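I have placed the structure first, in the form of structure tokens, so that the comments after it can refer back to it.
Just so you know, these numbers use all the heavy atoms, side chains as well, and skip hydrogens, waters and symmetry mates. Everything quoted here is computed from the prediction, not taken from an experiment.
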Amino acid sequence: MHCDVVQQVQEELPSEEFLYDLAELFKVFGDSTRIKVLYALLDRELCVGDLAQVLNVSQSAVSHQLRILKQFKLVKFRRQGKTIFYSLDDDHVRSILSMGAEHVEE
């Protein structure tokens with residue numbers, strides 16, 4: 001064993017809490033419906049009804065997925081009257097999708 005290298009790597013590892021949070025974030029990307037929602041919001045904002053039609057799922061299914069995506073700060077929303085419009089939270093989300101797509105296409 002290379003004790004000095006092992007010790008150095010152990011010291012450089014992020015905290016357990018950070019690693020847990022990161023793993024939870026990646027779990028969010030493990031659902032194809034959520035990925036479809038993110039892709040639908042890539043360049044525009046949409047309301048729940050529009051998302052349901054685009055994805056061909058119920059509004060309650062879309063709302064459930066949006067709740068999870070909001071919890072992980074992947075989407076944001078704005079209210080216009082009684083309608084709520086959703087969009088990607090920031091460019092980090094675009095980058096994650098882009099890098100994932102590049103990896104899959106290799």
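- Looking at V75 and L38, their side chains come closer than 4.5 Å, going by heavy atoms from C-beta outward.
- Put simply, CD on Q71 and CD on E24 are 9.0 Å apart, with the number rounded to the nearest 0.5 Å.
- Hydrophobic clustering (side-chain heavy atoms under 4.5 Å, transitive across Ile, Leu, Val, Met, Phe, Trp, Tyr) keeps F26 apart from V104.
- Going from atom OG1 of T83 over to atom CZ of F77 covers 13.5 Å, rounded to the nearest 0.5 Å.
- The two residues L19 and P14 come nearest to each other via the heavy atoms CD1-O, 3.7 Å.
- Looking only at side-chain heavy atoms (C-beta outward), L46 and L41 come within less than 4.5 Å of each other.
- Taking OH from Y39 and OG from S32, the interatomic distance works out to 12.5 Å, rounded to the nearest 0.5 Å.
- Put simply, CG on L74 and CD1 on I68 are 10.5 Å apart, with the number rounded to the nearest 0.5 Å.
- Both L42 and V93 are members of a single hydrophobic cluster when ILVMFWY side chains are connected at heavy-atom separations under 4.5 Å.
- In this structure, the side chain of S98 does not engage the main chain of R94 through any donor-acceptor pair within 3.5 Å.
- Separating the CG atom in L66 from the SG atom in C47 is a distance of 10.5 Å, to the nearest 0.5 Å.
- Within a 6.0 Å sphere centred on CD of E12, heavy atoms belonging to other residues, nucleotides or ligands number more than 12.
- By the neighbour-count criterion of 12 heavy atoms within 6.0 Å, atom NZ of K70 is densely surrounded, having more than that number from other residues, nucleotides or ligands.
- Listed by first and then second residue, the side-chain hydrogen bond (donor to acceptor under 3.5 Å, both in side chains) pairs that reach into residues 42-59 are E45-R78, S58-S60, sequence neighbours excluded.
- From Q65, atom CD reaches atom CG of L55 across 9.5 Å, with rounding to the nearest 0.5 Å.
- Both V57 and I84 belong to a common hydrophobic cluster when Ile, Leu, Val, Met, Phe, Trp and Tyr are linked at side-chain heavy-atom distances under 4.5 angstrom.
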